[in-house]
Amino acid sequence: MSDGVKHINSAQEFANLLNTTQYVVADFYADWCGPCKAIAPMYAQFAKTFSIPNFLAFAKINVDSVQQVAQHYRVSAMPTFLFFKNGKQVAVNGSVMIQGADVNSLRAAAEKMGRLAKEKAAAAGSS
Amino acid sequence: MSALKAGDSFPEGVTFTYVAPSGDTDLTVCGLPIQYDASKEFANKKVVLVAVPGAFTPTCQQQHVPSYLAKLEEFKSKGVDQIIFIASNDAWVMAAWGKANGVKDESILFMSDADCKFSKTIGWTQGDRTKRYAIVIDHGKVTYAELDEVPKSIANTGADGVLAKL
């Protein structure tokens with residue numbers, strides 16, 4: 001059983017998510033951005049397939065509504081996908097960010113994060 | 001408002017907005033304008049700042065930008081870290097203008113002096129557009145600041161004119 005996408009409405013919400021979830025994927029998007037709309041269904045699908053409460057979450061951050069967070073991470077193009085481990089930004093599959101509606105890279109990153117989160121969750125469950 | 005001239009310090013608090021170049025991913029990416037803190041960036045760089053009345057307008061498009069594109073290496077050899085084109089057009093128009101000129105990287109940045117905010121402080125505007133001018137800032141100090149007021153002329157602000165003074 002997994003959650004869907006986590007919609008972030010404030011900097012505090014994002015901070016909370018980073019504090020409580022080991023791995024986080026963040027989708028920075030805008031309502032008026034065509035490519036963002038195009039990739040949204042796939043992102044939602046990855047969220048459904050790979051999310052694990054406390055171990056992997058897929059967040060969506062509207063750059064117009066939560067400007068502070070978008071500016072903090074210097075988001076300059078949408079969609080931009082960032083990756084976090086234990087609250088710190090990390091690279092996945094060699095990329096520190098995916099810029100643009102690149103489904104293949106996003107799928108590979110989601111699968112990788114999913115695998116890592118599953119291992120961590122399993123390890124935590126057996127201790 | 002006071003015009004800038006060689007020897008002046010570049011003013012504090014000057015910012016522009018621009019959409020960072022994102023390489024070839026034009027079709028699958030939407031640009032988001034970010035603020036460029038010019039005063040802060042110019043403090044430790046050698047920059048050529050060129051203002052044009054309008055993106056895509058005839059002289060600017062046919063002569064001004066091409067003159068710089070042709071001389072990028074020469075500017076680099078004279079120690080110029082960044083060439084920035086500004087106009088009163090918004091950041092998206094400026095970004096599109098850059099792409100239309102085939103600029104995919106940061107060799108020339110295209111930024112918006114929205115509402116001619118900066119150009120007004122130095123009195124170099126015409127109506128709601130900027131005048132055609134070029135300013136060279138070397139680590140915070142203005143070393144060149146000239147206008148081209150003759151229509152269609154880029155004698156002072158085109159690549160050759162500016163290179164001659166570097």
Side-chain angles (χ1 to χ4, degrees), chain A residues 8 11 14 25-46 59-83 89 91 93-110, chain B residues 13-45 47 55 81-87 89-115 117:
Chain A
I8 301 294
F14 193 54
V25 179
D27 171 7
F28 289 83
Y29 75 100
D31 290 326
W32 44 265
C33 169
C36 300
K37 289 206 230 284
I39 205 169
M42 288 137 227
Y43 192 70
Q45 189 57 48
F46 297 145
K60 269 183 92 108
I61 302 171
N62 185 312
V63 302
D64 291 320
S65 317
V66 199
Q67 285 179 20
Q68 192 187 345
V69 179
Q71 278 168 16
H72 178 75
Y73 292 103
R74 302 279 293 173
V75 172
S76 61
M78 278 102 44
T80 286
F81 299 94
L82 298 182
F83 311 101
Q89 221 183 318
N93 291 333
S95 297
V96 83
M97 73 166 81
I98 295 177
Q99 226 177 34
D102 183 349
V103 178
N104 292 329
S105 297
L106 185 59
R107 180 182 297 111
Chain B
V14 178
T15 60
F16 303 120
T17 53
Y18 77 114
V19 175
S22 54
D24 272 298
T25 53
D26 296 7
L27 299 178
T28 58
V29 159
C30 297
L32 184 68
I34 51 181
Q35 188 159 283
Y36 182 80
D37 191 338
S39 301
K40 183 155 160 268
E41 299 286 335
F42 294 176
N44 52 19
K45 292 187 182 64
V47 178
D81 297 301
Q82 188 66 67
I83 299 171
I84 301 176
F85 265 76
I86 58 172
N89 304 100
D90 69 37
W92 278 287
V93 170
M94 293 307 283
W97 194 33
K99 285 186 187 159
N101 277 293
V103 180
K104 288 190 195 137
D105 54 20
E106 307 222 326
S107 55
I108 302 183
L109 287 175
F110 293 82
M111 303 194 180
S112 168
D113 182 15
D115 298 323
K117 193 148 157 266

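Atom set for the values below is all heavy atoms of this structure, side chains included, hydrogens, waters and symmetry mates excluded. Sequence lines set the chain letters: A, B, ... in the order given, protein chains first and strands last, and positions in each chain run from 1.
Under the rule for a ring pair (Phe, Tyr, Trp, His ring centres under 6.0 Å), the partners of B:Phe42 that lie at least two apart in sequence or sit in another chain are B:Phe10. For A:Ser95, there are no side-chain hydrogen bond (donor to acceptor under 3.5 Å, both in side chains) partners at least two apart in sequence or on another chain. In this structure, the side-chain hydrogen bond (donor to acceptor under 3.5 Å, both in side chains) partners of A:Arg107, at least two apart in sequence or on a different chain, are A:Asn104.
In this structure, A:Ser105 contributes its side chain and A:Asp102 its backbone to no donor-acceptor pair below 3.5 Å. Of the possible polar contacts, one joining the B:Trp92 side chain to the B:Gly31 backbone as a donor-acceptor pair under 3.5 Å is found.
Scanning residues 33-41 of chain B against chain A with a 4.5 Å non-hydrogen threshold yields B:Ile34, B:Gln35, sorted by number.
In terms of heavy-atom pairs under 4.5 Å with chain B, the best-connected choice from A:Ser76, A:Ala77, A:Gly34, A:Pro79 is A:Ser76.
For A:Tyr43 and A:Phe81, the ring centers are positioned less than 6.0 Å apart.
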